[in-house]
A.B. asks: 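Have a look at the structure that comes next, please.
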Amino acid sequence: MMLSLGQFVFSLTTAPFKELQRQRNWKHRTSSRVGARDASQYTGAGDDTITLNGMVAQDNSIGTIASLDELAKMGDTGDAYVLVDGSGTVYGAFIIDSLNETATYHTAEGIARKIEFNLSIKRVDDDVLSLSSDVKSTTDAGKATASEASTVLSDAKKVANVAAAVITAAKSSTVSNLSSAVVSVTDGVDASTASAVSKGLSTANGLSLANVVSAAKEISQLNGQTASSAIALVLTKAAAAA
């Protein structure tokens, strides 16, 4: 996952971008003074705009035209979406401000073989997001407050970090106190959080959850039952979310 905007995930198979530009402004109001520089007062954060420049070449298995249509439909709603990158960083709530497309190399039927796109999204107040109790659509399922999204990702990182500790323990052949550590972190984590780990996030060592689980199984086999209960928790969370 390169980036996700709500439930839309930017990847090589959807709408890959080759450049990300971010421009942030801060507001300072000034008032004129005689014989001195203007007085300046900081009044808060200004615009926070991100521009994604990318390309879709469907014939070469680079993105799809349907993905650009989906982004346009998201813009039509006027809703704000949580923006998260592949490392788990939550940028906040963003609206789609503009989507520009340049189509070239058309077929005889008028279908573009290459579409370069420019997507501009702008940050808004996080409190404009709302989480409905009834999920009306796939897009609605991805809406939450930035704090809620941050909490889920934070829990996911905890699971990943403990999994990374499993890897470290395997390398040093020690598993003492690992069970209690995993229990304390994963006890209150639900299946959706484990799913977030398995689908997008990486561990602190840069290994996918699948590799961590594989290493955890090896530890269990090498060390008998010492770490089995701790490993079972991680495996159970992942299995429940599958």
Side-chain angles (χ1 to χ4, degrees), residues 1-25 46-126 128-132 134-146 149 152-153 192 195-202 208 210 241-242:
M1 181 182 80
M2 302 170 70
L3 201 68
S4 69
L5 184 64
Q7 285 293 291
F8 185 89
V9 177
F10 291 89
S11 68
L12 186 62
T13 58
T14 57
F17 57 87
K18 60 183 178 182
E19 184 179 58
L20 185 154
Q21 299 175 333
R22 186 178 187 183
Q23 182 177 3
R24 286 175 279 187
N25 299 314
D47 291 336
D48 184 355
T49 302
I50 291 178
T51 301
L52 302 174
N53 298 308
M55 179 189 72
V56 167
Q58 194 163 286
D59 288 348
N60 294 319
S61 300
I62 302 175
T64 63
I65 297 175
S67 295
L68 296 180
D69 292 338
E70 184 177 349
L71 286 170
K73 291 177 181 178
M74 290 169 63
D76 287 339
T77 66
D79 291 336
Y81 305 91
V82 176
L83 182 69
V84 184
D85 67 18
S87 65
T89 301
V90 179
Y91 291 84
F94 282 76
I95 59 169
I96 295 178
D97 193 39
S98 66
L99 175 61
N100 301 315
E101 301 175 26
T102 302
T104 54
Y105 302 108
H106 293 78
T107 65
E109 294 78 20
I111 301 174
R113 292 191 175 94
K114 176 182 176 182
I115 301 177
E116 294 180 303
F117 68 88
N118 175 283
L119 177 70
S120 178
I121 57 178
K122 183 181 293 185
R123 186 172 183 179
V124 294
D125 288 338
D126 295 341
V128 303
L129 294 169
S130 62
L131 182 62
S132 173
D134 298 322
V135 179
K136 300 185 290 298
S137 66
T138 302
T139 300
D140 288 340
K143 297 178 185 176
T145 63
V152 171
L153 288 165
S192 63
S195 177
V197 179
S198 61
K199 289 181 180 179
L201 298 177
S202 297
S208 67

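Predicted model, so just to flag it, every value in this text is computed and none were measured. All values below were derived from every heavy atom in this structure, side-chain atoms included, with hydrogens, water molecules and symmetry-related copies excluded.
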A.B. asks: Within this structure, what is the OG-CG distance for the pair Ser11 and Leu3, rounded to the nearest 0.5 Å?
C.D. replies: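 Result: 11.0 Å between the selected atoms.
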A.B. asks: Hey, what do you get for OG1 (Thr51) to CZ (Arg22), rounding to the nearest 0.5 Å?
C.D. replies: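 Going from the OG1 atom of Thr51 to the CZ atom of Arg22 covers 11.5 Å.
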A.B. asks: So, Arg123 side chain and Tyr91 main chain: donor-acceptor pair closer than 3.5 Å or not?
C.D. replies: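 Yes; judged by distance alone, with no hydrogens or angles, the pair exists.
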A.B. asks: Can Ile121 and Leu83 be said to form a side-chain contact (heavy atoms from CB on, under 4.5 Å), step by step?
C.D. replies: CA-CA 10 Å; Ile121 57 178; Leu83 182 69; 3.9 Å; yes
A.B. asks: I'd like to know if the side chain of Tyr81 and the backbone of Met74 have a donor-acceptor N/O pair within less than 3.5 Å.
C.D. replies: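 Yes; at least one donor-acceptor contact below 3.5 Å.
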A.B. asks: How long is the gap from CG on Asn60 to CE on Met55, to the nearest 0.5 Å?
C.D. replies: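 If I round to the nearest 0.5 Å, the distance is 7.5 Å.
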A.B. asks: State, with a plain yes or no, whether a side-chain heavy atom of Ile96 is found less than 4.5 Å away from one of Phe8.
C.D. replies: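 No, every pair of side-chain atoms sits at 4.5 Å or beyond.
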A.B. asks: State the CZ-CG distance between Arg24 and Asp47, to the nearest 0.5 angstrom.
C.D. replies: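 Here the rounded value is 13.0 Å.
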A.B. asks: If you compare all heavy atoms of Ala15 against all heavy atoms of Phe117, which two are closest, and at what distance to 0.1 Å?
C.D. replies: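 That would be O-CZ, 3.7 Å.
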A.B. asks: For the residue pair Asp48 and Phe94, what are the closest heavy atoms and their distance?
C.D. replies: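 In terms of heavy atoms, the two residues are closest at O-CE2, 3.7 Å.
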A.B. asks: Which pairs pass salt bridge (charged side-chain N to carboxylate O under 4.0 Å, His left out) with one or both residues in residues 51-66, sequence neighbours excluded?
C.D. replies: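 Non-adjacent pairs meeting salt bridge (charged side-chain N to carboxylate O under 4.0 Å, His left out): Asp59-Arg113.
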A.B. asks: Tell me the closest heavy-atom pair linking Ala80 and Val124, and the distance in Å.
C.D. replies: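 Smallest interatomic distance, heavy atoms only, reads CB-CG2, 3.8 Å.
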A.B. asks: Could you list the donor-acceptor pairs under 3.5 angstrom formed between side-chain atoms of residues 62-69 and any protein atom two or more places apart in sequence or on another chain?
C.D. replies:
from: Thr64; atom 1: OG1; to: Ser67; atom 2: N; distance (Å): 3.2
from: Thr64; atom 1: OG1; to: Ser67; atom 2: OG; distance (Å): 2.7
from: Ser67; atom 1: OG; to: Thr14; atom 2: O; distance (Å): 3.3

A.B. asks: What is the minimum heavy-atom distance between Gly78 and Ile95, and which atoms define it?
C.D. replies: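 Result for this residue pair: O-CG2, 4.4 Å.
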A.B. asks: Kindly indicate whether the side chain of Glu116, heavy atoms from C-beta on, has any atom under 4.5 Å from the side chain of Asn118.
C.D. replies: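 Side chain of Glu116 against side chain of Asn118, heavy atoms only: no contact under 4.5 Å found.
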